[in-house]
Each structure stands twice: as structure tokens, then as C-alpha cells.
Amino acid sequence: MNAIALRGAVIAALLALAGCAGPMVAGNAQQVTKQVLSDDGLSELSVPESWVSRPDVVRSATLRLGGEASDVFLVVNTYPHGELQTTPAAFARSMADNLAEALGNGRVTAQRTLSIGGRPAHEYVVSGGVEDGLLTYVSTVVEGERSLHNLLGWTASADYSGRGHVLHKAIATFRESATPRQAKQRVDLTFDWPEQLDYTTRFHGKSKKRSGSYALKGVYRNSGRPSGDQYLQVQTRVQRQEYVSDNPGRNDSLQKVLDQISSQVPDYLITREGEFAQVQDLAEFQRRMERALFDGLPKGEAGASGEIVQRMKGALSEQFLAAAAMDEWNRSVGGWIDSAYVVGEVYPTLEEYMAPALGERNYPMRVTRQLAGTAPCFEGDTSYRCVHLIYTGTVSDASFRADMARFLESVVGPAVKLNDVVITRRTDVISHPQTLLPFRTVSTETKTITLTDPTGEVVSNEDREEITAIYSYQESTAAR
């Protein structure tokens, strides 16, 4: 790994740790280990059972591992003998110095010489970073029989005293595999949107809930243009949209609400690297949405619509709307950037789920990402130059269930008891691997709730929403 690539790894590490969901739980989970094999078929090591493979961390590495909560990482880069024109000891020192330089103010410990798997090894600990992004790295070079291996582990400096021994223990288990295995083929995913971007979005949404069902379809015109040196501004303008529910008497009023809300869809900014930055003019959009919903809801008894809107405040907050926009971006584009996937393998991790009705608390969501295989980019495409990406998320945490039970009781009273609640999400994306321009997305969310009603009967209900979007690019864009 050269100095430029190493600097990229430092930046990725800072971003990963800044967004971590929380510390990894100590206890027996740390004591149970599992063997992990490298994708190139040449090496292996043992790590805590809770660790997972990370396709989005240093995609060139042959082993890419991290704690489930994104609080500790370990990668392995392998170099066949003869590839590097230097000695192992000198290479180990240069890696440590490059890392310290990339951190900006890094401090390097004295070299420690040790034996790993019966082979000579050279280890340095490097610490540094900026402000709250202080990191501690363990950089170890192992002189294997067939290759030279650089093991690079890191965690937040504040956590190194508690997690450093876990990194050292995992590094000590490293071995070259006795018999090399066939290397797994990976697919690299790269963000490379053009500065001049024009496309049409055709979407169809449908929802089936206890309260009724509806369908929504429409056509948007979209464009992307540079915004300064750092950002791409994406604009959406509604060409047409139609709302149809199973309550014909409400269709006209709800269509009016929909038209009022989407009369001016706010633009959003993404960085040139594909990171979601912000939604513009979100405060005005939030106020317009609130007014439209208040005007369009059935009044019934005096003040009823105001009470409904008040309960919806969380879902209408700027914080939630911004988080929802970022979540949608990350599921279809942002979460796949600068990663490499073995076709068919499922990569689990832990993210957070926001439930506005329950307040500001976030809940753990078990997520998987998978590159299922190649696919035609659009109907009639025979090149199969796109890939099929699958994202899934499941929320069923005990704390989420308990808070939902309290919320339900506040709405309908203590006569109805919540037994269980599970939320499952899935997004299928057909995308070009070299640009991450999506051609088709299908997003579903299912809420399954099991209740005990006042008569003692156990009832299970399922709400399901699905949105399909098809993106058509102008010829200049599609040719990239």
C-alpha cells in the first residue's frame, strides 16, 4: 500500500469511527473466536466471533475485518516476495512513517521484533489524528515463506487501552495457509458521476396497511450540476404524479396534499466523492409539508387534525427528513462507494434506525449488503454490464419493542398489549459498478406487529410499502 492509499485508509478510518453505533460489548463475545480466510487464498487468522468482513474498508486488502459496531478494524495487505525492493524491517518502518505522515501529527513507537506463526515480524504502534478523530494503529509486517504481509489494525485512541489487546491477539494468530486456495474474484464499486447529469425518474409506489391501501406513480425530471469545487447539486422537478387509494372519496383531497408538498422539491448536495452533504431549503419544505397535511387531513371533531399533526411532528422534523434523505442515498448509492464485493457473499454489519414517533433515540438495525451478480442495466440491454446490489435491514431489538409498547399504550390505552414488532427493509439496486449510477431501485419496508387485543386474542398485522424507481439517462450520461 503506497502513501497515497494509506492516507485514504486514514480518512476512511476517521469517517468509520466517527459514525460508529457504539462500543462493542465486552464479555464472553470477545472470548469466542472464529477463523477467517483471506480472499486471495494465501492467509488466515482468528478474530472475535462478533467481527465481520468489511467490503468498504481498504478494498485492496486481502482480509478486511471490523467489529460489528465499527469500533475496531484489521486489514491485511499481501506482497509476493520480490515485489518490494526493500528489506522487511525497512518496509515495516516506512509503513509506520507513512502512516504517521498521513495522520498529520502521528507518533511512532520503537520497533518491536517478534515471531508470528513461527515467522519473523516487525511491529510499530502509531497514534495521531485531528481533534476528536484521534486514532491508534498497530502496523505489523510478517515475513511469510511465500509473501510479505502487512497487518494494519486500528481503533479510537481513547479506546486503545481496552481494545488494543484484542487487536494484538488477532494479529498473533496470523498464518500463511498451508495450502493456497483459489482466489475469490471481487467486483470493485466506484463513484464517478459526471458533472453534467440529466435523467428521468419514473416511479411507482404501493402501500398495504391495516388502515387501507394506496398506489402512487409519477415522473420526475432530474439534473446534477457542479456547486462550487466540492459539491454536485441534484435537482428534482415533478412532471406528473397520481395518487389512488381504496377510499375514492379521499383521492381528490390527498392528491391536492401531494401536489402542494411536491410543488417545489428541495435540491440536495453530494460531495465529489459521493458522500451525502445536505438537503437545501429543508426548513421551508418542512413547513410546507406540515401545512399541506394539516389542511388535507379530515377534521372530524374540533381540533382532531391538529392532534394528528402534533403526533406526526417527529416524522416531520427537519432532523428526520434530513436523516431519511441520507438513508435513501446510502442504501442506493453512498453505502456502496469505494468497496469491493465477492459475488454472492453476504456482508453483515450494524447500523442505526430512527423511529420519529419514539423520540430522538436510535435503535440497532442488523444490516446486510450483497453483490448478487451481474445484470442488464435496463430492459433490452444484452451487455450485462450492471450489477445487482441488495441491502437488507432488520429492527427487532428489545429496547425498540419496549418503547413501541409504551407508545402504543399512550395512543390506545393499556387494554391492548404489544407482544412483538419487527421491521424489515430491503433495497435492490441495478447499478453500473464503475459509476454507481442506478438504473433501477426497488425498496420495500414491512412492519409486522403482534398484539393481544382486549378480548385476549392474539392478532398479527403486517404493513408493507414498496417503491420502484426506473432511471433513464440522457445519452451523454449513459455513455460514461
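All values below come from the heavy atoms of this structure, side chains included, with hydrogens, waters and symmetry mates left out. Not measured: the values here are computed from a predicted model.
Between the side chains of Arg221 and Thr200, at least one donor N or O sits under 3.5 Å from an acceptor N or O. With no hydrogens or angles considered, a side-chain donor-acceptor pair links Ser399 and Arg361 at under 3.5 Å. For Asn222 and Thr236, the side-chain atoms include at least one donor-acceptor pair closer than 3.5 Å. A side-chain donor from one of Gln233 and Gln280 sits under 3.5 Å from a side-chain acceptor of the other. A donor-acceptor pair shorter than 3.5 Å cannot be found between the side chains of Thr435 and Asp192. If you check the side chains of Arg54 and Ser70, you find a donor sitting under 3.5 Å from an acceptor. Side chains of Asp40 and Ser38: a donor on one and an acceptor on the other come within 3.5 Å. In this model, a donor atom of one side chain and an acceptor atom of the other lie less than 3.5 Å apart for Thr136 and Ser157. In this structure, a donor-acceptor pair under 3.5 Å is absent between the side chains of Gln260 and Arg288.
Residues Arg64 and Arg59 have side chains in contact (heavy-atom distance under 4.5 Å, counting atoms from C-beta outward). Side-chain contact check for Ile337 versus Leu189: every heavy-atom pair is 4.5 Å or farther apart. Side-chain contact between Val422 and Thr394 is present, with heavy atoms from C-beta onward closer than 4.5 Å. Between Leu65 and Val75 there is no side-chain heavy-atom pair separated by less than 4.5 Å. A 4.5 Å side-chain heavy-atom check between Ser472 and Arg202 finds at least one atom pair inside the cut-off.
The closest donor-acceptor contact from the side chain of Gln370 to the backbone of Gly344 lies under 3.5 Å. Listed for the Arg272 side chain is a donor-acceptor partner under 3.5 Å among the backbone atoms of Tyr231. Between the side chain of Thr155 and the backbone N or O of Asp159 there is no donor-acceptor pair closer than 3.5 Å. With Lys34 contributing its side chain and Trp51 its backbone, the two residues share a donor-acceptor pair below 3.5 Å.
For the side-chain hydrogen bond (donor to acceptor under 3.5 Å, both in side chains) test, no residue two or more places apart in sequence or in another chain qualifies with Ser396. Residues passing the salt bridge (charged side-chain N to carboxylate O under 4.0 Å, His left out) test with Arg406, sequence neighbours excluded: Asp403. Partners of Asn461 by side-chain hydrogen bond (donor to acceptor under 3.5 Å, both in side chains), not counting sequence neighbours: none found. Under the rule for a side-chain hydrogen bond (donor to acceptor under 3.5 Å, both in side chains), the partners of Lys184 that lie at least two apart in sequence or sit in another chain are Glu345. Shown here are the side-chain hydrogen bond (donor to acceptor under 3.5 Å, both in side chains) partners of Gln235, two or more places apart in sequence or in another chain: there are none.
By the 6.0 Å contact criterion, CD on Glu466 is enclosed, its count of non-hydrogen atoms from other residues, nucleotides or ligands being greater than 12. Around CZ of Arg401, the count of heavy atoms belonging to other residues, nucleotides or ligands within 6.0 Å exceeds 12. In Gln434, the CD atom is not crowded: 12 or fewer heavy atoms of neighbouring residues, nucleotides or ligands sit closer than 6.0 Å. Enclosure of atom NZ in Lys217 is not indicated, since only 12 or fewer non-hydrogen atoms of other residues, nucleotides or ligands lie within 6.0 angstrom.
The pair Asp259-Arg240 does not count as a salt bridge, with every side-chain nitrogen at least 4.0 angstrom from each carboxylate oxygen. A salt bridge links Arg331 to Asp327: at least one charged side-chain nitrogen sits closer than 4.0 Å to a carboxylate oxygen.
Every pair passing disulfide bond (SG atoms under 2.5 Å apart) that includes a residue from residues 322-406 is listed here, sequence neighbours excluded: Cys377-Cys386.
When each of Glu352, Glu351, Glu68 is checked for a salt bridge (Lys or Arg N to Asp or Glu O under 4.0 Å) with Arg366, only Glu68 meets the rule.
Ring pair Trp154/Tyr160: centre-to-centre distance not below 6.0 Å.
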